[in-house]
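Residue numbers begin at 1 in each chain, while the letters A, B, ... track the order of the sequences.
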Amino acid sequence: QEITVTGTVTDVDGAPIPTVNVIEEGTSNGVITDFDGNFEIVVPAESTLTFSFVGYSSKSVEVNNQSTINVSLASDQEALDEVVVIGYGEARKKEVTSSIATVDGDDLEKITTGNPAEALQGRASGVQVISQGGAPGAAPQILIRGITTFNNDKSPLIVVDGVMLPSGTNLNFLNPRDIKDFQILKDASASAIYGSRASNGVILITTKRGKFGKAVFTLDVSSGISNIERIDMANSQEYARVVNERRLNDGQEIKFTEEEISEFGNGTDWQKETLSDFALVQNYNLGISGGGENVKYLASLGYFEEQSHYQKGFRKKLTGRFNVDFQISDKLKLKQDLSPRFERWEDTPNLFYNTLRIEPLTDVYIPIEERDGRNEFSIYGRSGIGVPNPVATVSRVFGGINYFGLFTNTQLNYKPVEWLDLQTQFGFNFDTNRRDDFNPSFFIHPNEQNLINNVFRRITTNSDWVWNNTATYKNSFGEHDITFTAGLVLDEQRYNYVSAFREDIPGQTEELRYIDAATGENRSVGGNESVRTMFSYLGRLMYNFKDRYFLTGAVRRDASSVFPDENKWGTFPSISVGWSIADESFFNIDDIDALQLKAGYGQLGNQNINPASRFFGIGDSNYAFGGERVVTNTLNRFGNVDLKWETVEDINVGIEGAFFDNRLSLSVERYKRKSKDLLFQVEPPNYTGIPGTIAQNVGSMESEGWDASLGFSGGKNKFTYSINTNVSTNESRLQDIAPGIEELLGQQRSDLGNRFLKISRPGEIAGLFYGYESSGLFQNQTEINSHSGETGSLLQPNAVPGDLRFVDKNQDGVLNDDDLTIIGNPFPDFTAGLNMDFTYGNWDMSMQWYGVFGNDIINYTNLFGYSALNDVNVRAGALDRVWREDNPGADFPRLSALDRNQNYQRPSDLLVEDGSFVRLKNLQVGYNIPLEGVNKLRISISAQNLFTITDYSGFDPEVSAGGDVINGYGVDYASYPLTRTFLAGLNFSL
Amino acid sequence: NDFLDQPLRGQQELDDFFASGEASERFVNGIYQKVNGEGWNQINFFRTINEMATDDQWSGNTEQPRADITGIAHYNVFPGSAYINSFWEHNYIGITRANLALDQISEVEMDEDHKARLLAEAKFLRAWFYFELVKNYGGVPIVTTWDELFEPEVYQYTRNTVDEVYAQIEQDLTEAVNVLPLKNEYAPSDYGRATKGAAQALFGKAYLYQEKWMEAEAMFANVIQSNQYQLEENFADVWKPNNRYGVESIFEVGYINNEQFPNIGGVYSTTQGSRADLGWSWGTPTSNLENAFLAEGDSIRLRSTIIKHGEPVFGDPEVTSFDAAPTRNKSGRINRKFYVPTADRPEPYQIGQHPLSHIHIRLADVLLMHAEAAYFNGNESAALQSLEKVRERVDLELDDNLNGTALRDAIWKERRLELALELHRLYDLRRQKVNGTPRISMIMGPNGSFVEYNLNENDDPFENSNMGESMDKGILFDQSIHMLWPIPPEEIQLSQGSIEQNPGY
């Protein structure tokens, strides 16, 4: 019995695919889909239909008497013929002899985030994404294969559709939905084509474009709430007992009588007062795309919003994208992209540290009867120990930024003959933002006051352009394939700002918070501009023989305006080779579908320093003579006239293969990167009278490690699965510094005697924790007496039982800063990602796991959490965790107000904790509702950061103090933790 | 190539800066900034902590006792105190500014007299900074040129000896004294600049600290005989707001009130003011100091030195019962010298805007140093003469028969009373010796007179009712350690250990 079957063939996004072959299996009976992806075929009721199309995996469906069969085809990812973007060109995956990791845009879409970098975490080996916390708009730091520089910016070069963006560009500006894929260029043979911009690796982002076929409309919505972790702090009674015990232990009088304590309630729970349980996240995307023979188009509009858990703080982002392709003639092609963006940010307070420190005895507000004559910002309680009232601080936050950005990209390709492609491309990235601040006048206490209100506004504009010109020659001679690319690139980055500040607005209402309303004498204005330019030549030859032996050689010559004339130019060559063993005639193992060996070498540069680094500049300030102000001039910028490029040398070897009908794929790579002439911000000794740092070219670093990834995929009947896992190891060591400099220090803390928490020394991992090593607590005077030097002098004469025993590391019989030593390593032994996708019929589920193993964290809150340093609050249960004669097994020293043993005045391993963790980053379950006339209707629920398995006692083990990775990573000052987010989603396509 | 040539924008380059006398003068003005530093704590607050480490002042603020302030005052010294650190750092920034000025200005085409004066001002200031350093830290590395900062060896400097530092100070001051104008040779708009008198007074002081009594006496005599200075008629007028560059003032930072530039006004009125009077109560006067005035019958200076809780403020008719917040500060007493009377308070009354100058050297100080130097030279009659001038003003008799150690002790006592709370005491107690033992060792330490007084005799109701600061202040003093402050640990780290710590820290 024959029936008529109709249906639509779409891709996974629901876009119809025209000209798909639909064939009755085992016969020659077949049709192709029309422009809208529709087909109609007459076949036996019990037959099987096969759907196939170039670039997609074929699919067979049993007809089973159904008259409607809608099919979606997955793109053929595994195939080695897949084309990847390699920078100023494209290549078949098989031809790529360097290390390039691809992350598909579809994978990013599973996570609802304002920043695509967040979704990259755990997706590719060799790519470490370090969260900067959960505050709205927080931008994660991306590290590719560790660290080879001490320069501030260690983030990779971002290239969007061929346009290089300024270093340190925050991926926030992109809508993750607009991204087709990421190509991450990990080694020098891949990235040397970007020369001096590429030493931290390169991320090539390709945005989605319109495809030939009927217009497809999509709507994607995900919306939900996030919730935040809290730390249990002591209540009033426990706090008061801790404060008393600190004093009693030093023979001082108690601060609270037992009678007073018994009348204390729980006191103020400051976390509860400042943080709400839930905050809103929402994400909406609208798109339309399609095209005919000559014009293809894609238009999208996205809105993303996230709220903070404080009363203040949010980020709202509206993005648009219009990508149009014109085939002007057979030989001439034009692409024009336009992507505007508008964002509003309200400042998110970062008060976690003070929220933990402020004592519970302080009331949030003063009594109503005392509020007479006080304005709304002055009705707050004053902490008895001088910690600013966090609720009051939140009430005074009136700061925010508005961004407007416009990214345009114009690309013209002319192919006069088949083997030559001439291309010129102009990318322009304009971004202006306006920062507004209002500081209200208030009076809580002489030390917590601002008697005169003020307003501040600053307008910043970045206008950057890149002009790429390339010619690509591509031809075959028998079994020889040659592709040669030559290019010339100019780019400019221009930054400027103007700012104004003035005091004394007659009132505090919103409509008066403008500079024009201010009347005060105290005012200031500012404005400046900074420009960096670069001029480059590049060339690349790709050669392959028999599609088995591959060779790529490239060179780039850059000149940068940031260096003095004699050091402006730098040359960055690279070479790599590959061998596809599986294609050899002698190689004949059925289960191995592909097996390729590759090796590459290259040099890269780094020029990412402040363009003013080579200059000595004069600033001005004030002094008074004769009762009048006089202007003073001082040297406030110390430059270096000998600056030159930082250079990175890089070797990469790897093997990759596909097995068992491409169901299993494996890739293992080993790399070593070595940098020299590091651009350093050297901090000279203070006796030089040079405040701060000076940029210098000194020293070298080495980064080495393994990247491995393994994937399985397959399925049976209605069940399909795909499991991908990756593991990365890295060690980034400092090799040399300048002659005479033996260590570099970072993360200076005034609480700890202005000592530094981080140290980097030649031959060691850069950015280790540095402090005193301790060996338990003194249990009695005998132990203190026996803790002595060779001459019998006590190492810690001020110690009493319960104090920390510090180790005389250099065994010189004296305990002092010569005994400072390594007390921890913030960098993990390895990081791993595990990504799993399952489908069963209309159901789908995905999980994304991420783990970091073997790293240490400095939990800075330990400085007060069990000591009540300066009488601040302690963690709940602190009384049970401090030493006392009847609690000799305690982890933390006895309480002491004077702390004559300096338990808490020196950096020590008391602050260090294990930071390993495993986190379920994302769990999503979706269901496709089959519906007539609709390409796709899917609903889903998901949970992000659902749980974290860790021993770490702070808010969140994924911490960074921000700023420079070497000196910031792994130091926890209690900043905004990652939040747990629950979302519901809808994907609709017509 | 033009495309690649991007200059420094928005800021003048050093290479183009020193083109005129005006620019040179503005640069020298910038060196003066580091005498007290900008902001409230950069340099000057460290001097207050020093005073707290004597018998004249408590740490004071019992609401926010801090290891890096209170601890130092009690000789439980926290080497990493930000104040110890920034004092070091900012004096050296001043030195480098002076070195650059000396390097550049000598090449500028300008009026030769003006040039010579600017160079001499820079030398005076460089000597000032090194003197501040050597008093507090002992021998320190000496940097005297701009060019050496760009040699690799600069990263490996070690500490010079105390003698070498003093030799450097003497050399600079010799040159400064020869060139600098007298006070009355300056236009009033230039008051506050280094004068010949200031350089001689500083020079004399540097001699005195080295116990070069002959040279010191001669140098102080130059100042006294210059006819540039005289004692204020009323002791109360020495520290009077808006009495800038008064007749007695030899070197001062002339603070003014300027709302728009809040770093050119005074800070002490806030940091040392009562917590009930918009102040922070650091460095409150001790009852021990009050007793010293009472024992001498010195009511004129007492009322202009100490304000006591519940009593009227001398010179401020609007305050009949002062609130010194004795539950929030140790002694219920406040430093009158840095107090701004109600009528003189600008609105708003804020730190960094007090129009009360900070006098570093004044004639009474020079007279007493002269007396001290003269005494040690055996010139007792000259000593008595200078001492008498100081006592005369405050209606105190002088026993003309004083001689020997009694005269010495009278001079020392006079310094305490005359200069109380003016931030000289710690240095005096360290350098003044009895049979080779520094006086600080007799006052502080487990058997020190101040410690014993507080633990056994003190019956002051304020000091005994607020134990937020412990009574045993000074008991931890150890002469083998505390005659100098620690080198900032940061500096030891930044210098890779080539700068060595003082013993005991």
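- Comparing Asn686(A), Asp818(A), Asn640(A) by how many heavy-atom pairs each has under 4.5 Å with chain B, the most go to Asn686(A).
- With Ser81(B) contributing its side chain and Phe78(B) its backbone, the two residues share no donor-acceptor pair below 3.5 Å.
- With a 4.5 Å cut-off on non-hydrogen atoms, Ile351(B) does not touch chain A at all.
- Looking at Arg523(A), the atoms closer than 4.5 Å to chain B (heavy atoms on both sides) sit in the backbone and in the side chain alike.
- Heavy-atom distances place the side chain of Glu253(A), and not its backbone, under 4.5 Å from chain B.
- Relative orientation of the Phe616(A) and Trp146(B) rings is perpendicular, given thresholds of 30° and 60° on the angle between their planes.
- Options Phe638(A), Phe615(A), Phe756(A) differ in how many heavy-atom pairs under 4.5 Å they form with chain B, and the most are formed by Phe615(A).
- Between chain B and the residues Arg637(A), Arg532(A), Gln902(A), the most heavy-atom pairs under 4.5 angstrom are made by Arg637(A).
- Neither the backbone nor the side chain of Ile492(B) comes within contact range of chain A, judged by heavy atoms closer than 4.5 Å.
- Remark: the backbone N or O of Gly279(B) is not paired with any side-chain donor or acceptor of Thr270(B) at under 3.5 angstrom.
- Within the 4.5 angstrom heavy-atom criterion, no atom of Arg159(B) approaches chain A.
- Both the backbone and the side chain of Tyr32(B) come within contact range of chain A, judged by heavy atoms closer than 4.5 Å.
- Heavy atoms closer than 4.5 Å to chain A are found in the backbone of Pro188(B), but not in its side chain.
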- Message: As a quick check of understanding, evaluate side-chain hydrogen bond (donor to acceptor under 3.5 Å, both in side chains) for Asp558(A) and Ser196(A), giving each step before the final call.
- Response: CA-CA 7 Å; Asp558(A) 281 337; Ser196(A) 65; 2.6 Å; yes
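- The side chain to side chain contact (heavy atoms under 4.5 Å, CB included) with Thr688(A) is formed by just one residue from the set Leu149(B), Ile93(B), Val143(B); it is Leu149(B).
- Both the backbone and the side chain of Phe27(B) come within contact range of chain A, each with at least one heavy atom under 4.5 Å from a heavy atom of that chain.
- Here Gln905(A) is the residue among Gln905(A), Arg906(A), Arg749(A) with the most heavy-atom pairs under 4.5 Å with chain B.
- Figure legend: cation-pi geometry between Arg244(B) and Tyr255(B) absent, as NZ or CZ is not positioned both under 6.0 Å from the six-membered ring centre and within 45° of its axis.
- At least one donor-acceptor pair closer than 3.5 Å links the side chain of Asn528(A) to the backbone N or O of Arg9(B).
- No donor-acceptor pair closer than 3.5 Å links the side chain of Arg246(A) to the backbone N or O of Val243(A).
- In this structure, the portion of Tyr770(A) lying under 4.5 Å from any heavy atom of chain B is its side chain and not its backbone.
- Heavy-atom distances place the side chain of Leu745(A), and not its backbone, under 4.5 Å from chain B.
- Interface remark: Val562(A) contributes no atoms to any contact with chain B (heavy atom separation under 4.5 Å).
- Residue contact with chain A, scored on non-hydrogen atoms closer than 4.5 Å, involves the backbone and the side chain of Glu89(B) alike.
- Using a 4.5 Å cut-off between heavy atoms, Val28(B) makes no contact with chain A at all.
- Only the side chain of Asn76(B) comes within less than 4.5 Å of a heavy atom of chain A; its backbone N, CA, C and O stay farther away.
- Counting heavy-atom neighbours within 6.0 Å of Glu13(B) CD, excluding the residue itself, gives a total above 12.
- Only the side chain of Gln350(B) comes within less than 4.5 Å of a heavy atom of chain A; its backbone N, CA, C and O stay farther away.
- Heavy-atom pairs under 4.5 Å with chain B were tallied for Ile385(A), Asn870(A), Leu490(A); the largest tally goes to Leu490(A).
- Residues passing the ring-ring contact (aromatic ring centres under 6.0 Å, His included) test with Phe261(B): none are found, sequence neighbours excluded.
- In this structure, the portion of Tyr505(B) lying under 4.5 Å from any heavy atom of chain A is its backbone and not its side chain.
- In this structure, no portion of Leu815(A) lies under 4.5 Å from any heavy atom of chain B.
- Of the possible polar contacts, none joining the Ser530(A) side chain to the Tyr495(A) backbone as a donor-acceptor pair under 3.5 Å is found.
- Atom OG1 of Thr96(B) sits about 9.5 Å away from atom CG of Leu635(A), to the nearest 0.5 Å.
- Counting only distance, with no hydrogens or angles, the side chain of Ser750(A) and the backbone of Asn754(A) share no donor-acceptor pair below 3.5 Å.
- Of the listed residues Ile759(A), Asn522(A), Asn633(A), the one with more heavy-atom pairs under 4.5 angstrom with chain B than any other is Asn633(A).
- Among Tyr130(B), Phe129(B), Trp88(B), the single residue meeting the ring pair (Phe, Tyr, Trp, His ring centres under 6.0 Å) criterion with Tyr137(B) is Trp88(B).
- Using a 4.5 Å cut-off between heavy atoms, Pro488(B) does not touch chain A at all.
- Neither the backbone nor the side chain of Pro611(A) comes within less than 4.5 Å of any heavy atom of chain B.
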